[in-house]
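Written out below as C-alpha cells is the structure these notes cover.
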Number of protein chains: 2
Amino acid sequence: MTVRTKTKREKLAEREEAIVSAARKMFHERGMQAAKMADIAAAAGVAEGTLYLYFKNKEALFAAVVTRHWEDLTEGASRVVAEVDTPRDQLAALAQFTLRRILDDWKLFELSFVLHYGSGDTSDATDKRAYVRIFDGIIERGIDRGDFSPEAPVRLLRDLFFGTMEYAVRSMLRSGKQDDEPAALAMLLKATDGVLMPTAEPQKADLADRLEAAVARLEAMSNR
Amino acid sequence: MTVRTKTKREKLAEREEAIVSAARKMFHERGMQAAKMADIAAAAGVAEGTLYLYFKNKEALFAAVVTRHWEDLTEGASRVVAEVDTPRDQLAALAQFTLRRILDDWKLFELSFVLHYGSGDTSDATDKRAYVRIFDGIIERGIDRGDFSPEAPVRLLRDLFFGTMEYAVRSMLRSGKQDDEPAALAMLLKATDGVLMPTAEPQKADLADRLEAAVARLEAMSNR
DNA sequence: GAACCGAATGAGCAACCCTCATTATTTCTG
DNA sequence: CAGAAATAATGAGGGTTGCTCATTCGGTTC
C-alpha cells in the first residue's frame with residue numbers, strides 16, 4: 001500500500017514535472033503572451049483542462065516556471081561562493097556568476113520581470129529572496145571579519161550590485177558587445193569598494209598635510 | 001484654406017490627445033492587461049474602432065503613452081540639470097530628480113518595462129534615449145573640464161547610475177521606507193565617485209612627490 | 001463485478017482585440 | 001450652394017484565447 005500510494009504520488013509529480021517543463025519551454029520560446037495554454041497542454045501530452053488541475057491559471061503556471069529558475073540560480077551561486085574564502089573574493093565570484101547566468105539566460109530572467117510587473121501585483125519576488133540572501137550573507141560576514149566597514153548600508157549595496165548588473169546585461173545585449181563583461185565586473189567591484197571601504201584617500205591626503213605641517217614647523221625653527 | 005486645414009489638423013490632434021490621455025489614465029489605473037480597449041474608447045468619448053485609426057493596436061497605443069511620459073521626464077531633468085554648474089553637482093541633481101520622479105510615478109515607470117519586456121521585442125527603449133543622453137552629456141563635459149577621469153567608462157557608469165536607482169526605488173516601495181532616499185543618493189554618488197575619480201595611484205605618486213620636496217627643503221636648509 | 005472516488009477530458013462559454021462594411025462629416029467643384 | 005468626392009468615425013461581427021464544468025475514465029475496495 002505504501003508502495004502503491006507512492007506510485008500514485010509519483011505519477012502526479014511526474015505529470016506536474018511534464019507540465020512545468022513544457023511550459024518553461026513554451027514561455028522561453030514565445031514569451032508570456034504568445035505561449036498558449038493549448039500549446040503547453042499539447043507539448044505536455046495532456047488535455048487543456050488538466051493544466052487547471054495543477055495550476056490555478058496561466059499566471060500561476062508561469063510563476064512556477066520562474067520560481068524553479070531562481071532555485072536553480074540560487075543553488076549555482078551558493079556553490080560558486082563556497083569555493084572561495086575571503087568575502088571580497090566571494091563578492092567577485094558572485095558577481096561573475098550572476099552576470100554570466102543573466103547573460104546566458106536573459107530571456108528567462110526577463111520573464112521573471114513580466115511576472116511581477118505585468119499584472120499589477122505588488123507582491124515582491126519571493127523567488128529572488130533566497131538568491132539575494134547569498135549577497136547579504138557575504139556582506140555580513142565581511143563586516144564581522146572586519147573586511148568591510150560596519151556602517152556599510154547593506155540594503156542599498158544590494159540594489160547597487162544587482163541593479164547595475166541587470167542594466168549592464170541589458171546594455172551588452174542591446175549593443176551586441178558581450179566582451180565588456182570583465183570591464184563591467186571590474187567597475188562594479190570598484191564601485192562597491194568605494195562604498196564598502198570608504199575614506200582611504202582622504203586619510204592619505206590628510207597624512208601628507210600633517211607631514212608637510214611638521215616640516216613647516218622644522219623650517220620655522222631653523223629659520224629662527 | 002490654410003486656416004481650415006489647420007483647424008482640421010487641430011481637431012485630429014485633439015482627438016489623439018484625448019485618446020492618449022484616456023489611455024494613460026486607464027493603463028495607470030489598471031495596468032497593461034486589465035485596461036480594455038473598450039474602456040479606453042469610452043473614456044476618450046470615441047468608438048472602439050476609432051482607436052485603430054490613430055494607433056495600429058493596443059501595444060502601439062501603450063507605447064505612445066510611455067513615450068510621452070519619458071518626454072516629460074527628459075524635459076524636467078534638463079531643466080534641473082541646467083540650474084547648477086559643476087558636472088559633479090549636475091550628477092547629484094540628476095540623481096535626485098530621477099529618484100524622486102521614479103518614486104512618485106513608479107506605476108508608469110513600471111509600465112515602460114512591460115512594454116519592452118512583455119512582448120518579445122528586442123527593440124530598445126528609444127523613449128529612454130533622450131533621457132540617458134542627459135547623463136552622458138554631464139559625464140562628457142566633466143571629462144572635458146578635467147573633473148572626471150578621461151578613462152571613465154561612460155556606458156557602464158550609465159548602467160550603474162540608472163540600475164542602482166531603479167532597484168533602490170523598488171526596495172523602498174517594497175519595504176515602505178521611503179526615508180532612505182537621501183542615504184541612497186549619497187551612496188550612489190559615492191559609488192560613482194569611486195569610478196569617476198579613481199586615480200589612487202596618481203595621488204600616491206603626488207604624495208611621494210610632496211614628501212620628497214619637503215625633505216629636499218630640509219636638506220637644503222641643513223646644508224646651508 | 002459492482003459501487004465508489006479522484007483524476008482527466010474537451011466541448012462550450014465569456015471576454016477581448018481587431019477588422020471592415022456602413023454611415024456621418026468635411027472638403028472640393030462647377 | 002448643391003452635389004460629388006474624400007476623409008473620418010462607427011460598432012456589429014469574426015477569430016482567438018483563457019478558463020469552466022458536466023461527463024468519462026481508471027483504479028481501488030468490498
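Quick note: numbers below take in every heavy atom, side chains included, and nothing from hydrogens, waters or symmetry partners. Below, read A as the first sequence line, B as the second, and so on, with proteins coming before strands; counting in each chain starts at 1.
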May I have the distance from [X] (atom [atom1]) to [N] (atom [atom2]), rounded to whole angstrom?
X	N	atom1	atom2	value
B/M37	C/dT19	CE	P	10 Å
B/R30	C/dC16	CZ	P	10 Å
B/Q33	D/dT17	CD	P	14 Å
A/F62	D/dG18	CZ	P	13 Å
A/M32	D/dT17	CE	P	14 Å
B/D39	C/dC17	CG	C1'	13 Å
A/K11	C/dA8	NZ	C1'	12 Å
B/L51	D/dA9	CG	C1'	11 Å

**Report entry** B/A130: partners by side-chain contact (heavy atoms from CB on, under 4.5 Å), with sequence neighbours left out
**Finding:**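 Testing B/A130 for side-chain contact (heavy atoms from CB on, under 4.5 Å), a comparison that skips the adjacent residues, returns B/T74.
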
Consider the side chain of [X], meaning its heavy atoms from C-beta on, and name the nucleotide among [options] that approaches it most closely.
X	options	value
A/K36	D/dG18, C/dC16, C/dT9	D/dG18
A/E48	D/dA9, D/dC19, C/dA8	D/dC19
B/V46	C/dA7, D/dT10, D/dG18	D/dT10
A/L53	C/dC18, C/dT9, D/dT10	C/dT9
A/K58	C/dA7, D/dA8, D/dG18	D/dG18
A/A47	C/dA7, C/dT9, C/dC17	C/dT9

Report task. Look at the side-chain N and O atoms of B/Y54 and state whether any lies under 4.0 Å from the OP1 or OP2 oxygen of D/dA9. Result ->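 True: B/Y54 side-chain N/O within range (under 4.0 Å) of D/dA9 OP1/OP2.
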
Report task. Give a yes/no answer on whether the side chain of A/R15 brings an N or O atom under 4.0 Å of OP1 or OP2 in C/dA8. Result ->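 For A/R15, the contact criterion (side-chain N or O under 4.0 Å from OP1 or OP2 of C/dA8) is met.
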
Query raised in the report: Do A/Y167 and B/E166 touch side chain to side chain, with heavy atoms closer than 4.5 Å?
Result: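 The answer is yes, as the side chains (C-beta and beyond) meet within the 4.5 Å cut-off.
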
Requested in this report: Determine the contact category for B/A35: base if any of its heavy atoms lies under 4.0 Å from a base atom, sugar-phosphate if only primed atoms, P, OP1 or OP2 are that close, otherwise nothing.
Outcome: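 Sugar-phosphate, no base atom in range.
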
Query raised in the report: Run the side chain to side chain donor-acceptor pair (under 3.5 Å) check on A/S175 and B/R155 step by step: do they pass?
Result: CA-CA 11 Å; A/S175 66; B/R155 195 189 303 185; 3.1 Å; yes

Query raised in the report: Could B/R68 and B/D72 be called an ion pair, given the rule that one side-chain N must be under 4.0 Å from one carboxylate O?
Result: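 Answer for the salt bridge query: no.
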
Query - Residue from B/T164, B/L160, B/I139 passing side chain to side chain contact (heavy atoms under 4.5 Å, CB included) with B/T192 - result: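 Of the listed options, the one satisfying the test is B/L160.
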
